[in-house]
Amino acid sequence: MKKSNQFGFIAASVCCLAWLGAPAWAADPKPPTAKPSLTVTLTTPQSQNMAQRLQANGSLAAWQEALIGAEAHGLKITEVRVNVGDRVQRGDVLASLQSDTLRAELAQAEATLAEATANAQDAKAQAERARSLQQQGFFSSAQLSQTLAAEASATARLQSARALVQLQNVRLSQTQVRAPDAGVISARQATVGSVVAAGTELFRLIRQGRIEWRAEVAAAELGRVQVGAAVQVTAASGQVLQGKVRMVAPSVDAQTRNALVYVDLPAQTGTAKAGMFAKGEIILGQSQALTVPQTAVVVRDGFSYLYTVGADNKVTQVKVQTGRLSGDRFEVLSGLKPDARLVASGGAFLNHGDTVRVVDVAPAAASK
């Protein structure tokens, strides 16, 4: 029994030594395979024409604002026909002033004109009779001169009476305050019952209802702006308007070092109103740019990154500087090679050095 136990112990020891002494090459080691972290499609940068845009801020203002005042002096307003926001046409009556006194003065002037007309006709007849009698020898030269002088005086009084009637008609017409042009009433100070003096402002009118954008542009950028350039304006209300540069200010503000660029806007401006803040982009021209899909750009910590894919399907995080945005493509200013293979989308789920599985090429890269 004792010998049997010794034999078993020896056999177990031999087996253990044999296992420990086995050569290393007897094992079948296999390097671990990295598991792809994401399935992606690839794209490549493209060169294309992009619009050069100058961004600016400014205000919407009336193209031209007419100040409408009273021409007559010391008359009471009897009627106001319009309010702020009303659209008017050229010649429309905006307000009426009391005209009783002026109508009476006009009637008096017309009566004076009638009297002067009768006197002038009588003086003319007397002058013709005097000429005839003077030729027959019944009138002396002095008498004839006196008669002709009376005729001239009567004619002068007739002209004065006519001028007075015309003056009274003008004063009477001034009791009707009329719109000097078509447009929109932007302000109203006229109230029924108030007595106004000559020159008192009663209304303000945005001529033709037109407003413009006055963009503030830095002096360094002013030379790039051309008259007639297309502009896209976004008002504070969200209304988007298309316009054109009408004029660049001839001087620069000494305090801000900015100059105004005046942009004409369409007649129908929707919810955009004069006085609103507005931002916009002035189109300066076209230029070549290296672009990538917007979905390929990943923003982290305030910086823009792209993920390039190497031959071993490992991604590399590349820091780039982006520029203009046109449609769904970003301009890349620096940090990217033109022949790089890029992750088209989903980069936000990747980290530097991750392995990816490429299944297809994005259409933009394939068409190139």
Enclosure of [X] [atom1] (heavy-atom neighbours >12, cutoff 6.0 Å):
X: Q89; atom1: CD; result: no
X: Q166; atom1: CD; result: no
X: Q146; atom1: CD; result: no

Can you tell me which residue pairs pass the salt bridge (charged side-chain N to carboxylate O under 4.0 Å, His left out) test with a partner in [range], sequence neighbours excluded?
range: residues 267-292; answer: R53-E281
range: residues 82-100; answer: none
range: residues 163-186; answer: E105-R171, D181-R207
range: residues 233-248; answer: E212-R246, R246-D264

If hydrophobic clusters are built by linking Ile, Leu, Val, Met, Phe, Trp and Tyr wherever their side-chain heavy atoms come under 4.5 Å apart, do [X] and [Y] end up in the same one?
X: F330; Y: M50; value: no
X: V298; Y: F303; value: no
X: Y305; Y: L336; value: no
X: L342; Y: V318; value: yes

Which residues end up grouped with [X] if you chain together Ile, Leu, Val, Met, Phe, Trp and Tyr wherever their side-chain heavy atoms are less than 4.5 Å apart?
X: M276; answer: L54, L60, I211, W213, V217, L222, V225, V231, V233, L241, V245, V248, V252, V261, V263, L265, I282, L284
X: V84; answer: none
X: V170; answer: none
X: L113; answer: I68, L75, I77, V80, V82, V88, L94, L97, L102, L106, L158, V165, L172, V177, I185, V192, V196, L202, F203, L205

Where is the tightest heavy-atom contact between [X] and [Y], given as atom of each residue plus distance?
X: L164; Y: A109; answer: CG-CB, 3.8 Å
X: A56; Y: A215; answer: CB-CB, 4.1 Å
X: R324; Y: A289; answer: NH2-CB, 3.7 Å
X: T191; Y: S194; answer: O-OG, 2.8 Å
X: A116; Y: R157; answer: CB-O, 3.8 Å
X: A197; Y: A70; answer: O-CB, 3.9 Å

Given side chains that start at C-beta, do those of [X] and [Y] come closer than 4.5 Å, heavy atoms only?
X: S304; Y: K319; value: no
X: Q242; Y: P266; value: no
X: Q321; Y: V332; value: no
X: V240; Y: Q232; value: yes

Just checking, is any N or O donor in the side chain of [X] or [Y] under 3.5 Å from an acceptor N or O on the other one?
X: S99; Y: T175; answer: no
X: E331; Y: T322; answer: no
X: T291; Y: Q46; answer: no

Test N313 against R357 for side chain to side chain contact (heavy atoms under 4.5 Å, CB included), laying out the working first. CA-CA 7 Å; N313 286 350; R357 178 171 176 263; over 6 Å; no

Give the intermediate values and the outcome of side chain to side chain contact (heavy atoms under 4.5 Å, CB included) for residues R214 and S59. CA-CA 6 Å; R214 296 176 182 176; S59 300; 5.6 Å; no

Point-to-point distance, once rounded to the nearest 0.5 Å, from [atom1] of [X] to [atom2] of [Y]:
X: I206; Y: S186; atom1: CD1; atom2: OG; value: 4.5 Å
X: T295; Y: D328; atom1: OG1; atom2: CG; value: 7.5 Å
X: K314; Y: T355; atom1: NZ; atom2: OG1; value: 3.0 Å
X: Q48; Y: Q286; atom1: CD; atom2: CD; value: 10.0 Å
X: L306; Y: K337; atom1: CG; atom2: NZ; value: 14.0 Å

Who pairs with [X] by side-chain contact (heavy atoms from CB on, under 4.5 Å), at least two apart in sequence or on another chain?
X: A249; result: L260, Y262
X: N351; result: R300, D354
X: Q108; result: none

If you apply the rule side-chain hydrogen bond (donor to acceptor under 3.5 Å, both in side chains), what do you find for Q288 with N49, and how did you get there? CA-CA 5 Å; Q288 283 287 325; N49 277 327; 2.9 Å; yes

Run the side chain to side chain contact (heavy atoms under 4.5 Å, CB included) check on T308 and V315 step by step: do they pass? CA-CA 5 Å; T308 61; V315 298; over 6 Å; no

Ignoring hydrogens and angles, tell me if any N or O in the side chain of T44 forms a donor-acceptor pair with the backbone of R341 under 3.5 Å. no

Sidechain-backbone polar pair: S326 side chain, R329 backbone, donor-acceptor under 3.5 Å: no

Just grab all the side chain to side chain donor-acceptor pair (under 3.5 Å) pairs involving residues 69-80, residues at least two apart or on different chains. E79-R81

Is the closest basic N to carboxylate O distance between E151 and K124 below 4.0 Å? no

